[in-house]
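Notes for the one structure printed next.
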Amino acid sequence: MKTRHITPELRKQVIDRAVAGGSPEAVLEPLLADGWSEQEAVDAVENITREFLAEHARANALPAPVRVPSPVGLNGPSVVQAADREVQVLANLLLPRIVVFGSLLSHDECDALIEMAREHLARSSVLNENTGTEEIHEARTSEGTYFTRGANALLQRIETRIAALLDWPLENGEGVQVLRYGPGAQYKPHYDYFDPRGPGMQSVLKRGGQRVASVVIYLNTPRRGGATTFPDARFEVAAIKGNAVFFSYDRPHPMTKSLHGGAPVLEGEKWVATKWLREAPHV
Ligand code: PD2
Ligand code: ZN
(Lines give C-alpha, C1' and ligand atoms only; values in the text may rest on other atoms or scores of the structure.)
(Ligands and ions follow the chains in the order given, each with its own letter.)
Protein backbone atom coordinates (compact mmCIF):
# COMPACT_ATOMS: atom_id res chain seq x y z
CA MET A 1 0.00 0.00 0.00
CA LYS A 2 1.35 3.43 -0.91
CA THR A 3 1.32 5.84 2.02
CA ARG A 4 0.95 9.57 1.61
CA HIS A 5 4.03 11.67 2.37
CA ILE A 6 3.93 13.54 5.67
CA THR A 7 5.79 16.76 6.46
CA PRO A 8 8.04 16.84 9.56
CA GLU A 9 5.77 19.52 11.08
CA LEU A 10 2.63 17.39 10.76
CA ARG A 11 4.48 14.37 12.07
CA LYS A 12 5.57 16.33 15.13
CA GLN A 13 2.01 17.52 15.79
CA VAL A 14 0.73 13.92 15.69
CA ILE A 15 3.49 12.70 18.04
CA ASP A 16 3.02 15.59 20.48
CA ARG A 17 -0.70 14.90 20.69
CA ALA A 18 -0.20 11.14 21.12
CA VAL A 19 2.48 11.60 23.82
CA ALA A 20 0.20 14.06 25.64
CA GLY A 21 -2.41 11.30 25.80
CA GLY A 22 -4.79 12.89 23.27
CA SER A 23 -7.87 11.00 22.15
CA PRO A 24 -7.72 9.18 18.78
CA GLU A 25 -9.76 12.05 17.27
CA ALA A 26 -7.32 14.64 18.61
CA VAL A 27 -4.33 12.74 17.21
CA LEU A 28 -5.92 12.40 13.76
CA GLU A 29 -7.15 16.00 13.66
CA PRO A 30 -4.02 17.74 12.20
CA LEU A 31 -4.03 15.30 9.26
CA LEU A 32 -7.77 15.60 8.61
CA ALA A 33 -7.45 19.41 8.77
CA ASP A 34 -4.70 19.12 6.13
CA GLY A 35 -7.15 17.39 3.77
CA TRP A 36 -6.18 13.73 4.39
CA SER A 37 -8.89 11.09 4.15
CA GLU A 38 -9.73 9.29 7.39
CA GLN A 39 -8.14 6.03 6.15
CA GLU A 40 -4.95 7.83 5.07
CA ALA A 41 -4.77 9.55 8.44
CA VAL A 42 -5.32 6.33 10.42
CA ASP A 43 -2.64 4.49 8.39
CA ALA A 44 -0.21 7.38 8.84
CA VAL A 45 -0.78 7.57 12.60
CA GLU A 46 -0.20 3.83 12.90
CA ASN A 47 3.09 4.14 11.00
CA ILE A 48 4.21 7.19 12.95
CA THR A 49 3.52 5.59 16.33
CA ARG A 50 5.31 2.39 15.31
CA GLU A 51 8.36 4.36 14.14
CA PHE A 52 8.26 6.58 17.22
CA LEU A 53 8.17 3.59 19.59
CA ALA A 54 11.07 1.96 17.75
CA GLU A 55 13.11 5.20 17.92
CA HIS A 56 12.28 5.54 21.61
CA ALA A 57 13.35 1.95 22.22
CA ARG A 58 16.65 2.46 20.38
CA ALA A 59 17.36 5.70 22.24
CA ASN A 60 16.85 3.89 25.54
CA ALA A 61 18.96 0.91 24.48
CA LEU A 62 15.94 -1.38 24.50
CA PRO A 63 15.39 -3.88 21.71
CA ALA A 64 12.50 -2.70 19.51
CA PRO A 65 9.21 -4.59 19.86
CA VAL A 66 8.23 -7.03 17.13
CA ARG A 67 4.88 -8.50 16.12
CA VAL A 68 3.86 -11.51 18.20
CA PRO A 69 0.95 -13.96 18.01
CA SER A 70 -2.14 -12.46 19.59
CA PRO A 71 -4.74 -15.19 19.89
CA VAL A 72 -7.62 -13.41 21.69
CA GLY A 73 -8.61 -9.96 22.86
CA LEU A 74 -9.98 -9.12 26.29
CA ASN A 75 -13.57 -10.14 26.96
CA GLY A 76 -13.73 -11.98 23.64
CA PRO A 77 -15.23 -15.37 22.88
CA SER A 78 -14.96 -18.04 25.58
CA VAL A 79 -14.58 -20.74 22.95
CA VAL A 80 -12.57 -20.42 19.74
CA GLN A 81 -12.45 -22.70 16.73
CA ALA A 82 -8.85 -23.77 16.15
CA ALA A 83 -8.87 -25.71 12.86
CA ASP A 84 -10.42 -29.08 13.81
CA ARG A 85 -11.10 -28.37 17.50
CA GLU A 86 -13.01 -26.03 19.79
CA VAL A 87 -10.68 -24.61 22.42
CA GLN A 88 -11.73 -22.75 25.57
CA VAL A 89 -10.24 -19.46 26.70
CA LEU A 90 -9.90 -19.79 30.47
CA ALA A 91 -7.80 -16.76 31.42
CA ASN A 92 -6.29 -13.78 29.64
CA LEU A 93 -3.62 -11.42 31.02
CA LEU A 94 -2.02 -8.47 29.23
CA LEU A 95 1.26 -8.04 31.15
CA PRO A 96 2.87 -10.49 31.05
CA ARG A 97 0.89 -11.54 27.99
CA ILE A 98 -0.59 -14.89 28.96
CA VAL A 99 -3.61 -16.84 27.72
CA VAL A 100 -4.69 -20.08 29.38
CA PHE A 101 -6.50 -22.45 27.03
CA GLY A 102 -8.78 -25.31 28.01
CA SER A 103 -8.90 -28.54 26.05
CA LEU A 104 -6.33 -27.69 23.38
CA LEU A 105 -5.64 -31.43 23.07
CA SER A 106 -7.93 -34.40 23.65
CA HIS A 107 -6.93 -36.88 26.33
CA ASP A 108 -6.20 -39.44 23.61
CA GLU A 109 -3.83 -36.99 21.90
CA CYS A 110 -2.06 -36.34 25.23
CA ASP A 111 -1.64 -40.09 25.82
CA ALA A 112 -0.37 -40.63 22.28
CA LEU A 113 2.26 -37.88 22.63
CA ILE A 114 3.49 -39.37 25.91
CA GLU A 115 3.77 -42.84 24.36
CA MET A 116 5.60 -41.42 21.33
CA ALA A 117 8.09 -39.63 23.56
CA ARG A 118 8.61 -42.19 26.31
CA GLU A 119 11.23 -44.33 24.61
CA HIS A 120 13.28 -41.34 23.41
CA LEU A 121 13.65 -39.46 26.70
CA ALA A 122 17.04 -38.01 27.64
CA ARG A 123 18.04 -35.59 30.38
CA SER A 124 16.97 -32.07 29.31
CA SER A 125 19.64 -29.52 28.52
CA VAL A 126 19.86 -25.73 28.72
CA LEU A 127 21.25 -23.50 25.97
CA ASN A 128 24.58 -21.90 26.96
CA GLU A 129 24.24 -18.42 25.51
CA ASN A 130 28.00 -17.89 25.44
CA THR A 131 28.82 -20.91 23.35
CA GLY A 132 25.47 -21.65 21.66
CA THR A 133 25.71 -25.29 22.80
CA GLU A 134 23.28 -27.33 24.92
CA GLU A 135 24.42 -28.31 28.43
CA ILE A 136 23.04 -30.32 31.37
CA HIS A 137 22.14 -27.93 34.21
CA GLU A 138 20.68 -28.28 37.72
CA ALA A 139 18.12 -25.56 36.84
CA ARG A 140 16.35 -28.04 34.56
CA THR A 141 15.88 -31.53 35.94
CA SER A 142 13.32 -32.89 33.48
CA GLU A 143 13.88 -35.46 30.75
CA GLY A 144 12.76 -34.75 27.23
CA THR A 145 12.78 -35.34 23.54
CA TYR A 146 12.25 -33.23 20.46
CA PHE A 147 10.20 -34.01 17.35
CA THR A 148 10.91 -32.29 14.04
CA ARG A 149 7.98 -30.22 12.76
CA GLY A 150 5.47 -32.36 10.91
CA ALA A 151 7.22 -35.59 11.94
CA ASN A 152 3.97 -37.60 11.86
CA ALA A 153 0.22 -37.20 11.33
CA LEU A 154 -0.52 -36.49 15.01
CA LEU A 155 2.08 -33.72 15.21
CA GLN A 156 0.88 -32.27 11.90
CA ARG A 157 -2.67 -32.10 13.25
CA ILE A 158 -1.58 -30.47 16.53
CA GLU A 159 0.76 -28.03 14.79
CA THR A 160 -1.98 -27.03 12.32
CA ARG A 161 -4.34 -26.47 15.26
CA ILE A 162 -1.84 -24.29 17.12
CA ALA A 163 -1.10 -22.27 13.96
CA ALA A 164 -4.84 -21.63 13.53
CA LEU A 165 -5.39 -20.82 17.20
CA LEU A 166 -2.55 -18.30 17.26
CA ASP A 167 -2.98 -17.12 13.66
CA TRP A 168 0.76 -17.58 13.27
CA PRO A 169 2.39 -19.38 10.32
CA LEU A 170 2.99 -23.08 10.85
CA GLU A 171 6.49 -22.62 9.36
CA ASN A 172 7.43 -20.21 12.17
CA GLY A 173 7.03 -22.95 14.76
CA GLU A 174 9.87 -25.03 16.13
CA GLY A 175 9.26 -28.75 16.45
CA VAL A 176 7.38 -29.99 19.53
CA GLN A 177 9.41 -30.81 22.62
CA VAL A 178 7.96 -33.33 25.11
CA LEU A 179 9.20 -33.20 28.72
CA ARG A 180 8.73 -35.51 31.66
CA TYR A 181 9.26 -34.25 35.21
CA GLY A 182 9.60 -36.97 37.85
CA PRO A 183 8.96 -36.32 41.55
CA GLY A 184 11.00 -33.27 42.64
CA ALA A 185 11.94 -32.30 39.08
CA GLN A 186 11.51 -28.68 38.02
CA TYR A 187 12.52 -26.02 35.54
CA LYS A 188 13.71 -22.95 37.43
CA PRO A 189 12.46 -19.55 36.23
CA HIS A 190 13.96 -18.48 32.93
CA TYR A 191 13.12 -16.61 29.74
CA ASP A 192 12.40 -18.55 26.56
CA TYR A 193 13.81 -15.86 24.24
CA PHE A 194 17.46 -15.96 23.25
CA ASP A 195 19.78 -13.35 24.73
CA PRO A 196 20.91 -11.62 21.53
CA ARG A 197 24.13 -10.45 23.23
CA GLY A 198 25.33 -14.04 23.70
CA PRO A 199 28.28 -14.69 21.38
CA GLY A 200 26.86 -18.07 20.39
CA MET A 201 23.45 -16.70 19.50
CA GLN A 202 23.95 -15.60 15.91
CA SER A 203 23.71 -19.14 14.51
CA VAL A 204 20.55 -19.80 16.57
CA LEU A 205 18.92 -16.54 15.46
CA LYS A 206 19.72 -17.26 11.81
CA ARG A 207 17.15 -20.08 11.87
CA GLY A 208 13.95 -18.03 12.09
CA GLY A 209 14.97 -15.10 14.28
CA GLN A 210 13.88 -14.66 17.88
CA ARG A 211 11.38 -16.73 19.75
CA VAL A 212 8.31 -14.55 20.30
CA ALA A 213 5.90 -16.90 22.08
CA SER A 214 5.62 -20.27 23.82
CA VAL A 215 2.80 -22.76 24.24
CA VAL A 216 3.19 -25.26 27.08
CA ILE A 217 0.59 -28.04 26.83
CA TYR A 218 -0.10 -30.27 29.83
CA LEU A 219 -0.23 -33.93 28.85
CA ASN A 220 -1.28 -35.20 32.27
CA THR A 221 -2.49 -33.84 35.61
CA PRO A 222 0.21 -34.26 38.27
CA ARG A 223 -1.21 -35.24 41.64
CA ARG A 224 0.48 -32.24 43.36
CA GLY A 225 2.80 -29.46 42.24
CA GLY A 226 4.17 -28.84 38.75
CA ALA A 227 2.38 -25.55 38.02
CA THR A 228 3.87 -23.18 35.46
CA THR A 229 4.82 -20.06 37.40
CA PHE A 230 5.19 -16.41 36.33
CA PRO A 231 7.06 -14.84 39.27
CA ASP A 232 6.80 -11.23 38.01
CA ALA A 233 3.01 -11.52 37.95
CA ARG A 234 2.81 -13.70 41.08
CA PHE A 235 0.69 -15.96 38.92
CA GLU A 236 0.67 -19.67 38.26
CA VAL A 237 -1.12 -21.97 35.87
CA ALA A 238 -2.17 -25.37 37.15
CA ALA A 239 -1.14 -28.34 35.02
CA ILE A 240 -4.39 -29.93 33.82
CA LYS A 241 -4.36 -32.61 31.15
CA GLY A 242 -5.19 -31.19 27.69
CA ASN A 243 -4.99 -27.53 28.78
CA ALA A 244 -2.23 -25.16 27.71
CA VAL A 245 -0.63 -21.87 28.63
CA PHE A 246 0.36 -19.45 25.88
CA PHE A 247 2.68 -16.53 26.60
CA SER A 248 4.37 -14.04 24.30
CA TYR A 249 7.31 -11.64 24.58
CA ASP A 250 7.61 -8.90 21.98
CA ARG A 251 11.31 -8.30 22.63
CA PRO A 252 14.12 -10.18 24.32
CA HIS A 253 13.94 -8.12 27.49
CA PRO A 254 12.74 -8.66 31.10
CA MET A 255 10.28 -5.77 30.62
CA THR A 256 8.03 -8.38 28.97
CA LYS A 257 7.73 -9.94 32.46
CA SER A 258 7.76 -13.31 30.72
CA LEU A 259 10.00 -14.92 33.32
CA HIS A 260 8.46 -18.32 33.99
CA GLY A 261 9.29 -21.71 35.43
CA GLY A 262 8.01 -25.19 36.02
CA ALA A 263 7.50 -25.57 39.79
CA PRO A 264 8.72 -28.80 41.40
CA VAL A 265 6.48 -31.81 41.02
CA LEU A 266 5.55 -32.79 44.58
CA GLU A 267 3.66 -35.99 43.91
CA GLY A 268 3.30 -38.08 40.78
CA GLU A 269 4.87 -36.98 37.50
CA LYS A 270 4.27 -34.23 35.00
CA TRP A 271 4.36 -34.39 31.19
CA VAL A 272 4.24 -31.35 28.92
CA ALA A 273 4.65 -30.59 25.24
CA THR A 274 6.23 -27.22 24.46
CA LYS A 275 5.92 -25.37 21.17
CA TRP A 276 8.02 -22.26 20.57
CA LEU A 277 7.10 -19.73 17.91
CA ARG A 278 9.69 -17.73 15.98
CA GLU A 279 9.41 -14.38 14.21
CA ALA A 280 10.08 -15.96 10.82
CA PRO A 281 10.12 -19.43 9.26
CA HIS A 282 12.17 -21.83 11.39
CA VAL A 283 14.47 -23.99 9.28
O1 PD2 B 1 6.82 -27.46 32.18
C2 PD2 B 1 6.62 -26.27 32.39
O3 PD2 B 1 5.68 -25.88 33.09
C4 PD2 B 1 7.54 -25.30 31.77
C5 PD2 B 1 7.87 -24.19 32.48
C6 PD2 B 1 8.74 -23.30 31.91
C7 PD2 B 1 8.09 -25.51 30.52
C8 PD2 B 1 8.95 -24.55 30.03
N9 PD2 B 1 9.25 -23.46 30.70
C10 PD2 B 1 9.58 -24.66 28.71
O11 PD2 B 1 9.46 -25.74 28.11
O12 PD2 B 1 10.22 -23.66 28.25
ZN1 ZN C 1 10.31 -21.98 29.37
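In listed order, ligands and their atoms are each counted from 1. The figures here come from the full heavy-atom set of this structure, side chains too, leaving out hydrogens, waters and symmetry mates.
- Sorted by chain and number, the protein atoms of type N, O or S within less than 2.8 Å of the Zn ion (ligand 2) are His190 NE2, Asp192 OD1, His260 NE2.
- Through side-chain heavy atoms spaced under 4.5 Å, either directly or across other Ile, Leu, Val, Met, Phe, Trp or Tyr residues, Tyr191 is tied to Leu90, Leu93, Ile98, Val100, Leu179, Tyr181, Tyr187, Tyr193, Val216, Tyr218, Phe230, Phe235, Val237, Val245, Phe247, Tyr249, Leu259, Val265, Val272, Trp276.
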Per-pair distances, ligand 1 N/O vs protein N/O, less than 3.5 Å:
unit_1	atom_1	unit_2	atom_2	d
ligand 1	1 (O)	Tyr181	OH	2.7
ligand 1	1 (O)	Lys270	NZ	3.0
ligand 1	3 (O)	Thr228	OG1	2.7
ligand 1	3 (O)	Lys270	NZ	2.7
ligand 1	9 (N)	His190	NE2	3.2
ligand 1	9 (N)	His260	NE2	3.2
ligand 1	11 (O)	Thr274	OG1	2.9
ligand 1	12 (O)	Asp192	OD1	3.2
ligand 1	12 (O)	Asp192	OD2	3.4

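- If you run side chain to side chain contact (heavy atoms under 4.5 Å, CB included) between Val99 and each of Leu166, Val215, Val72, Leu165, only Val72 comes through.
- Counting heavy atoms of neighbouring residues, nucleotides and ligands inside a 6.0 Å radius, atom CD of Glu135 exceeds 12 of them.
- For the salt bridge (charged side-chain N to carboxylate O under 4.0 Å, His left out) criterion with Arg180, the lone passing option out of Glu115, Glu119, Glu143 is Glu143.
- Between Glu174 and Lys275 there is no salt bridge, since none of the side-chain N atoms of the basic residue sits less than 4.0 Å from a carboxylate O of the acidic one.
- Here Glu279 does not pair with Arg211 in a salt bridge; the nearest charged N to carboxylate O distance is not below 4.0 Å.
- No side-chain heavy atom of Val212 sits less than 4.5 Å from a side-chain heavy atom of Ser248.
- With hydrogens and angles disregarded, no donor-acceptor distance shorter than 3.5 Å links the side chain of Thr141 to the backbone of Glu138.
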Review item, side-chain donor-acceptor pairs of residues 20-27, under 3.5 Å, at least two apart:
unit_1	atom_1	unit_2	atom_2	d
Ser23	OG	Glu25	OE1	3.4
Ser23	OG	Ala26	N	3.2

